[in-house]
Asker: 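This is the structure, below, for whatever I ask next.
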Amino acid sequence: MTVTETTDTRTDTCATPPHGDRRPDGKDKYTISEVAALTGLTAHTLRWYERIGLMPHIDRSHTGQRRYTNRDLDWLALVGKLRLTGMPVADMVRYAELVRAGDHTYAERFELLRTTREDVLARIAELQGTLAVLDRKISFYADAGRALASERA
């Protein structure tokens, strides 16, 4: 069972990766190297995610090889988005535990994601301030370059 199998069947379009290279459901058994190629993650990272509880329920073939599904790819896409927010790995693992625990954890999941959203908005504001400083410096150097060029002309 994968983490997302405990959630409802609605698709979170923000978490879903492009479907171009994906197999139809039911025929969606991917090896770790195929998932690495599809996601850009290394096999080492995928195994680490499994070890720390971020993806603890990866199916195995009769020979013991990992077999990922489209739902696992969806989960990895969400994890990638959470990584981009700067969410600590411990919080991502906690979120995964809450998802596995079921619907009664909606309030905790909501709070975790709301707090992360606030952090992202603060970082965006900080980056906008940084961008404004860069724009002023670029404008200064552009004006100074034009003034210098006109003095030489």
Side-chain angles (χ1 to χ4, degrees), residues 1-139 141:
M1 172 186 288
T2 61
V3 172
T4 55
E5 285 176 350
T6 60
T7 61
D8 62 32
T9 56
R10 290 175 291 173
T11 302
D12 181 349
T13 56
C14 294
T16 306
H19 294 293
D21 296 330
R22 293 174 60 164
R23 299 177 185 138
D25 288 340
K27 298 181 189 263
D28 58 335
K29 298 295 180 191
Y30 303 91
T31 65
I32 197 166
S33 60
E34 289 171 324
V35 172
L38 286 168
T39 63
L41 298 170
T42 66
H44 174 77
T45 298
L46 292 166
R47 288 195 282 292
W48 181 65
Y49 281 180
E50 192 174 347
R51 235 183 358 266
I52 65 171
L54 202 49
M55 295 191 70
H57 299 296
I58 301 301
D59 289 335
R60 301 284 181 138
S61 71
H62 68 284
T63 60
Q65 293 177 321
R66 290 170 178 83
R67 292 291 182 241
Y68 296 83
T69 66
N70 288 332
R71 291 183 72 109
D72 296 323
L73 294 178
D74 292 344
W75 179 255
L76 286 169
L78 175 61
V79 167
K81 297 295 183 195
L82 295 177
R83 285 178 57 219
L84 286 174
T85 70
M87 180 186 276
V89 172
D91 287 349
M92 287 188 277
V93 171
R94 178 69 182 141
Y95 181 77
E97 290 168 348
L98 292 170
V99 169
R100 283 191 301 275
D103 293 350
H104 69 281
T105 65
Y106 277 3
E108 287 178 82
R109 288 187 250 172
F110 170 83
E111 187 58 31
L112 184 59
L113 294 175
R114 189 193 59 74
T115 301
T116 300
R117 184 179 190 278
E118 288 175 3
D119 293 344
V120 168
L121 288 172
R123 283 188 26 232
I124 288 170
E126 185 179 23
L127 287 171
Q128 287 173 330
T130 302
L131 183 60
V133 169
L134 288 173
D135 287 343
R136 284 194 303 275
K137 287 295 191 182
I138 289 168
S139 179
Y141 287 114

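Predicted, not measured: the structure shown is a model, and the values here were computed from it.
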Asker: Does the pair E111/R114 count as a salt bridge with the N-to-O cut at 4.0 Å?
Answerer: yes
Asker: Report yes or no: does Y30 contribute a side-chain atom to a donor-acceptor pair with the main-chain N or O of R23 at less than 3.5 Å?
Answerer: yes
Asker: Considering all heavy atoms of both residues, which atom of V79 and which atom of L54 are nearest to each other, and what is their separation?
Answerer: CG1-CD2, 3.8 Å
Asker: Measure across G86 and R123 and return the closest heavy-atom pair with its distance rounded to 0.1 Å.
Answerer: N-NH1, 3.6 Å
Asker: Checking D135 now: which residues fulfil side chain to side chain donor-acceptor pair (under 3.5 Å) with it, not counting sequence neighbours?
Answerer: none
Asker: Calculate, to the nearest 0.5 Å, the distance between atoms CZ and CD belonging to R60 and Q65 respectively.
Answerer: 9.5 Å
Asker: Quick one: does W75's side chain get under 4.5 Å of V99's, heavy atoms only?
Answerer: yes
Asker: Hey, is CD on E118 packed in by over 12 heavy atoms from elsewhere, all under 6.0 Å?
Answerer: yes
Asker: In chain order, what residues pass the salt bridge (Lys or Arg N to Asp or Glu O under 4.0 Å) check against R136, with sequence neighbours excluded?
Answerer: none
Asker: Do you know which two heavy atoms are closest between L98 and T105, and how far apart they sit?
Answerer: O-OG1, 2.7 Å
Asker: Kindly indicate whether the side chain of L127, heavy atoms from C-beta on, has any atom under 4.5 Å from the side chain of L131.
Answerer: no
Asker: Which heavy atom in A43 sits nearest to a heavy atom in A36, and how many Å separate them?
Answerer: N-CB, 4.2 Å
Asker: Would you check if there is a donor-acceptor pair between the side chains of D72 and T69 at a distance under 3.5 Å?
Answerer: yes
Asker: Assess whether a salt bridge exists between R71 and D59, defined as any Lys/Arg side-chain N lying under 4.0 Å from an Asp/Glu carboxylate O.
Answerer: no
Asker: With a 4.5 Å limit on heavy-atom distance, are the side chains of R47 and I32 in contact?
Answerer: yes
Asker: Between R94 and E97, does any NZ, NE, NH1 or NH2 come within less than 4.0 Å of an OD or OE carboxylate oxygen?
Answerer: yes
Asker: Side chains of W48 and V89: closer than 4.5 Å at any heavy-atom pair?
Answerer: yes
Asker: So how far is it from D28 CG to L73 CG, rounded to the nearest 0.5 Å?
Answerer: 8.0 Å
Asker: Quick check: do T85 and R117 have side-chain heavy atoms less than 4.5 Å from each other?
Answerer: no
Asker: Just wondering, do L84 and V120 contact through their side chains at under 4.5 Å, heavy atoms?
Answerer: no
Asker: Rounded at 0.5 Å granularity, tell me how far CZ in R67 sits from NE2 in H62.
Answerer: 9.0 Å
Asker: Any side-chain heavy atom of D74 within less than 4.5 Å of one from R22?
Answerer: yes
Asker: One pair to check against side chain to side chain contact (heavy atoms under 4.5 Å, CB included): L76 and Y49. What are the steps and the verdict?
Answerer: CA-CA 10 Å; L76 286 169; Y49 281 180; 3.8 Å; yes
Asker: What is the distance from atom OH of Y95 to atom CE of M87, rounded to the nearest 0.5 Å?
Answerer: 8.0 Å
Asker: Got a second to check how far T45's OG1 is from M55's CE, nearest 0.5 Å?
Answerer: 12.0 Å
Asker: To the nearest 0.5 Å, tell me how far T39 OG1 sits from E34 CD.
Answerer: 11.5 Å
Asker: Check whether any side-chain heavy atom of L41 lies under 4.5 Å from a side-chain heavy atom of V35, and answer yes or no.
Answerer: no
